[in-house]
Every structure is written in structure tokens, then in C-alpha cells.
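Some notes on the structure that comes next.
The figures here come from the full heavy-atom set of this structure, side chains too, leaving out hydrogens, waters and symmetry mates.
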Amino acid sequence: MSGYQFTSPGFRPLIGVFRNGSARVDKLTTALVEFVTAHPEISVIFVTAYWQQVMTGYTYRHEGEIWIDDGYDGSGSGYNKTAAANGLRRLSEAMPNTQFVLLDDIPSGPDLHLLSQLRRLRFVPEIKLGMARSEADIQRATYDPILYKIANASGNISYERFFADICGATLCPLMDGEDLLFRDGDHLSWTGALRLTDKAEELLSTYLVAQIDQR
């Protein structure tokens, strides 16, 4: 298996979508479409994003971001979900022969950032560090139904809950013994990411083998 990584901080390939009040810049999305069009051997694209931010404009680090497209109705951040759905629909239509696999996201927040927990750990050393599963479920609910709906409505978009097993029944743990699982409040650590190796290989194999069979 081989492929390309097309990433940039904050980049999400939503065609025609931009942040309200900023200059409209579609260069990266345009470059992605041109690159894939020039490389027809690319049959599968896995899309990751900070979906809570995309869909709501609010996270523990963001407040009230508004993402719009040409159909913006003035409803503020309430339009973000519509803009995201429109952007993904345009993406699938621009590359109808490409299979897009949307991946879910990890939970995020200061409870998953070790530096923000040092005082708590010092005074209550026996406490279980991490985020309550209930909070993670609230975050997931901001995007899960929408991504499922987008996938069900498209012939070349699917949705995989790749990170769904990171949390336990009651806690999304910051650490496993001495192993730090999150690098900061919204990124896995190297150790945390490596624990998903087998699952990643299974996911890649499933989609790439399916594409080979179709050919």
C-alpha cells in the first residue's frame, strides 16, 4: 500500500466554504482536486477534521467561528453544519470516481492536556485523569449524525468511527499507567496513536482491497 498525505494546519477539503469575515481562499482545496485529477490511480481519500469546530464553531479553544458558502443565510454559526455538508457534497461531485472516507475525531478539552492537570494531579494524586465519557459523547453528537447523513446520501462518501473505542465506559483516559495517550487537549500522543496501528491497517486494507476488487 502507498499513498500521499495532503495536510496543512486547519485545512479541511470543503469546496466553496470559508470563514466569515476572512478573505476567501480555496487554494488548498483547488490544489487537492487538481492533484487527484492528475493522479487517477488515487482511488481512496481519508478525510480527517476537527469536526466539532467545523460543525459548531465552538470548542475549548474556539468560540463562535462562522463558516459560510454562497448560500449563507445569515444564521451565524448555526449555518456551519449546512456549509460543511455542502462542501463535502461538492467534493464528492468534483471527484465522482474517488471514494471518500470520513473519519470521526478524538475527544478534546483541557481534561486531556497534562499541563492543565498538573495541579489537580499534585493535590489529588489518586484521581483518574481524563475526560468524562459523557462529555466526549456530547462532543461526538455535534457531528456524528451529520456525517452519517452525508455518507448515506452519497454514492462515494462513507463514514467510519475510527476513534470510537478510545474512551472507556465512563472515562476517556489521559494516561494508561505511565503512558501518556494525549499530547495536548486535542491531539493523540505518539504512544496513543501507535496503539491504533492494527485498526488503521485493517481500515486501509478494507477500502483499498475493495477498490482493487472493483477494478
Any donor-acceptor pair under 3.5 Å from [X] side chain to [Y] backbone:
{"X": "Gln117", "Y": "Asp111", "value": "yes"}
{"X": "Gln139", "Y": "Ser108", "value": "yes"}
{"X": "Asn156", "Y": "Ser92", "value": "yes"}

- Query: Which pairs count as side-chain hydrogen bond (donor to acceptor under 3.5 Å, both in side chains) when at least one residue sits in residues 4-14, sequence neighbours excluded?
  - Reply: Gln5-Thr7
Between [X] and [Y], is there a shared hydrophobic cluster once you connect ILVMFWY residues whose side-chain heavy atoms come closer than 4.5 Å?
{"X": "Leu28", "Y": "Leu14", "result": "yes"}
{"X": "Met95", "Y": "Val47", "result": "yes"}
{"X": "Phe35", "Y": "Leu91", "result": "yes"}
{"X": "Met131", "Y": "Leu180", "result": "yes"}

- Message: For Lys149, is the NZ atom crowded, meaning more than 12 foreign heavy atoms sit under 6.0 Å from it?
- Response: no
- Restricting to pairs with a member in residues 74-100, which pass ring pair (Phe, Tyr, Trp, His ring centres under 6.0 Å), not counting sequence neighbours? Tyr72-Tyr79
- Item | Set of residues satisfying ring pair (Phe, Tyr, Trp, His ring centres under 6.0 Å) with respect to Tyr159, sequence neighbours excluded | Tyr148
- Task: Would you please classify the geometry between the Tyr143 ring and the Trp51 ring as parallel, tilted or perpendicular, with 30° and 60° separating the classes?
- Result: tilted
- Message: Could you check whether Tyr58 and Thr142, counting side-chain N and O atoms only, form a donor-acceptor pair closer than 3.5 Å?
- Response: no
- Atom of Leu88, atom of Ile157 and distance for their closest heavy-atom approach: O-CD1, 3.8 Å
- Message: Within the 4.5 Å heavy-atom criterion, are Leu196 and Leu188 side-chain neighbours or not?
- Response: yes
